[in-house]
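Worksheet: the structure to be examined is printed underneath.
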Amino acid sequence: MTSTQFAALKDVVDAQFGLISHTQLRALGFPHSRVRHRVESGLWQAVLHGVYAVSSGPISREMALEAALLFGGGAAVLSHHTAAEEWGMIRAEPARPVHITVPYGRSAVTQPPTVVGAGLASTSLCHREGTVVHPGVVVHRSRAHEYIAVDTDQPRTSRADTALDVAIAEPTARDAFTRLIALVTNARIPLRDIRRRMEERRPRRYRKTLLDAVRLLADGVQSVLEYRYATDVEDAHGLPRARRQSPVVVDGRTLFEDCDYSDHGVPLIVRLDGRRAHAMAEVAFRDRRRDNAAELQGRPRLVYGFDEVTKNPCVVAQEVETVLVREGWSRPGENPCRACEWSRSAQTP
């Protein structure tokens, strides 16, 4: 190899976190026999099929992602759960396969994890048999590929496309519903972006469910806890839908109440505290000031956390209904909740 070829090889490797593909090596005039020798001697590592690390050390996350992109070809982008991890929407799991999306027509196929075999382990001091070098690659295809990518250092799907892809990958419609709400609210993805992407790139499944989730978000639901309260407490028990994110001025600042029943002639406020809601002193102080403001206005208020709403929605509904009725609300029909009906029948002697 000439000095010019070596310099070109070094430039490619430096730009790709110490990685290079078989196609790139061939273009640089690096013979396959030399690649095989370096891998078998433990100087290089075969990270994925046709993708090599020019070192024998551990593969970092950046290297694992770059290897997947090189494997997928020049148009590949990080997508689905991997893009969600990179956007900070979900927690990164190093053992999870890297998801990429390529245009239709590309030949890349899903790859299992790369594991050190007995042959390499017997000749290299740097490798142990069974060690996972790379967690593998899941390949997706999209006809809208050119419209979904964001040009980051390692290209990935847009936040809206990522949220929809992850939701659509859920095993059930209910899981997809909950997942989309969690991703949109936690990542603060503009609802207009979700709507536009759903119109331009129609979901292959769960379309009606995801549209229902978007409508609920448009009504002001801003967390999974608020979603569970709306569906498992209000809807399931025939209670009126509260106004979401109702503004209230406290100490000259505009804050927002989670659920306000004033539209139904009842001044009840229901506050929903997430599991980490009081981790910050500023948040705890803000909530105390809201409580005091409601008390000074003579407004009844109830406060529930994630466990109460998700594990005991019937109890929460009974308490909310008690205050609503006390303040003048009348139920227009029977309570439709079968669990409540079963509980009443079980208590009847």
Side-chain angles (χ1 to χ4, degrees), residues 177-178 181-182 184-185 191 212-278 283-348:
F177 192 112
T178 304
I181 288 177
V184 170
T185 55
L191 204 52
D212 289 341
V214 169
R215 279 191 284 269
L216 195 61
L217 288 164
D219 287 341
V221 169
Q222 294 192 354
S223 69
V224 172
L225 176 55
E226 291 184 29
Y227 151 65
R228 294 294 296 270
Y229 179 84
T231 56
D232 297 354
V233 175
E234 291 180 331
D235 293 351
H237 295 86
L239 298 178
R241 274 285 182 95
R243 185 198 316 158
R244 261 64 189 183
Q245 305 306 316
S246 178
V248 57
V249 178
V250 178
D251 296 336
R253 295 175 56 192
T254 300
L255 304 178
F256 298 89
E257 298 288 8
D258 297 321
C259 303
D260 182 352
Y261 289 92
S262 297
D263 291 346
H264 303 280
V266 177
L268 171 64
I269 295 294
V270 172
R271 189 162 302 138
L272 302 171
D273 285 343
R275 285 169 287 184
R276 298 183 296 273
H278 293 294
V283 175
F285 174 76
R286 180 199 66 193
D287 286 349
R288 289 197 302 272
R289 294 301 298 154
R290 282 197 304 179
D291 280 341
N292 291 346
E295 181 64 31
L296 292 171
Q297 295 174 8
R299 303 190 67 171
R301 62 201 179 281
L302 297 170
V303 182
Y304 299 105
F306 194 87
D307 285 344
E308 296 123 297
V309 171
T310 58
K311 296 179 180 179
N312 299 295
C314 294
V315 174
V316 173
Q318 290 168 11
E319 293 178 356
V320 172
E321 182 172 359
T322 296
V323 178
L324 288 172
V325 171
R326 187 189 70 195
E327 298 294 323
W329 178 75
S330 297
R331 175 181 286 281
E334 293 293 324
N335 181 348
C337 178
R338 293 184 178 180
C340 289
E341 182 180 354
W342 179 89
S343 178
R344 287 193 296 272
S345 63
Q347 296 173 6
T348 302

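For reference, positions follow the sequence shown, starting with 1. Just so it is clear, the model here is predicted, and its values are computed rather than measured.
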(message) Quick one about Glu319 and Tyr304 (side-chain donor to acceptor, distance below 3.5 Å, no hydrogens or angles considered), yes or no?
(response) yes
Grab the two heavy atoms, one from [X] and one from [Y], that are nearest each other, plus how far apart they are.
X      : Y      : result
Arg331 : Gly238 : NH1-O, 3.5 Å
Cys314 : Cys337 : SG-SG, 3.7 Å
Val270 : Tyr261 : CG2-CE1, 3.8 Å
Val224 : Ala182 : CG2-CB, 3.3 Å

With side chains defined as the heavy atoms from C-beta onward, is the minimum distance between [X] and [Y] less than 4.5 Å?
X      : Y      : value
Asp219 : Arg244 : no
Pro313 : Arg228 : no
Cys259 : Arg243 : no
Phe177 : Ile181 : yes
Asp235 : Arg241 : yes
Leu239 : Glu321 : yes
Trp329 : Leu268 : no
Thr310 : Asp232 : no

(request) Output yes when a side-chain donor or acceptor of Glu234 lies under 3.5 Å from a complementary backbone atom of Ala242, and no otherwise. (result) yes
(request) Please check if the side chain of Arg301 supplies one atom and the backbone of Ile269 the other of a donor-acceptor pair under 3.5 Å. (result) no
(request) Give, for atom CG of Leu272 and atom CG of Leu225, the distance between the pair rounded to the nearest 0.5 Å. (result) 4.5 Å
(message) Just verifying a value: how many Å separate Thr178 OG1 and Tyr227 OH, rounded to the nearest 0.5 Å?
(response) 4.0 Å
(request) Quickly, which of Leu324, Val323, Val325 forms a side chain to side chain contact (heavy atoms under 4.5 Å, CB included) with Glu327? Name it, please. (result) Val323
(request) State which residue, out of Asp263, Asp260, Asp258, fulfils the side-chain hydrogen bond (donor to acceptor under 3.5 Å, both in side chains) condition with Ser246. (result) Asp260
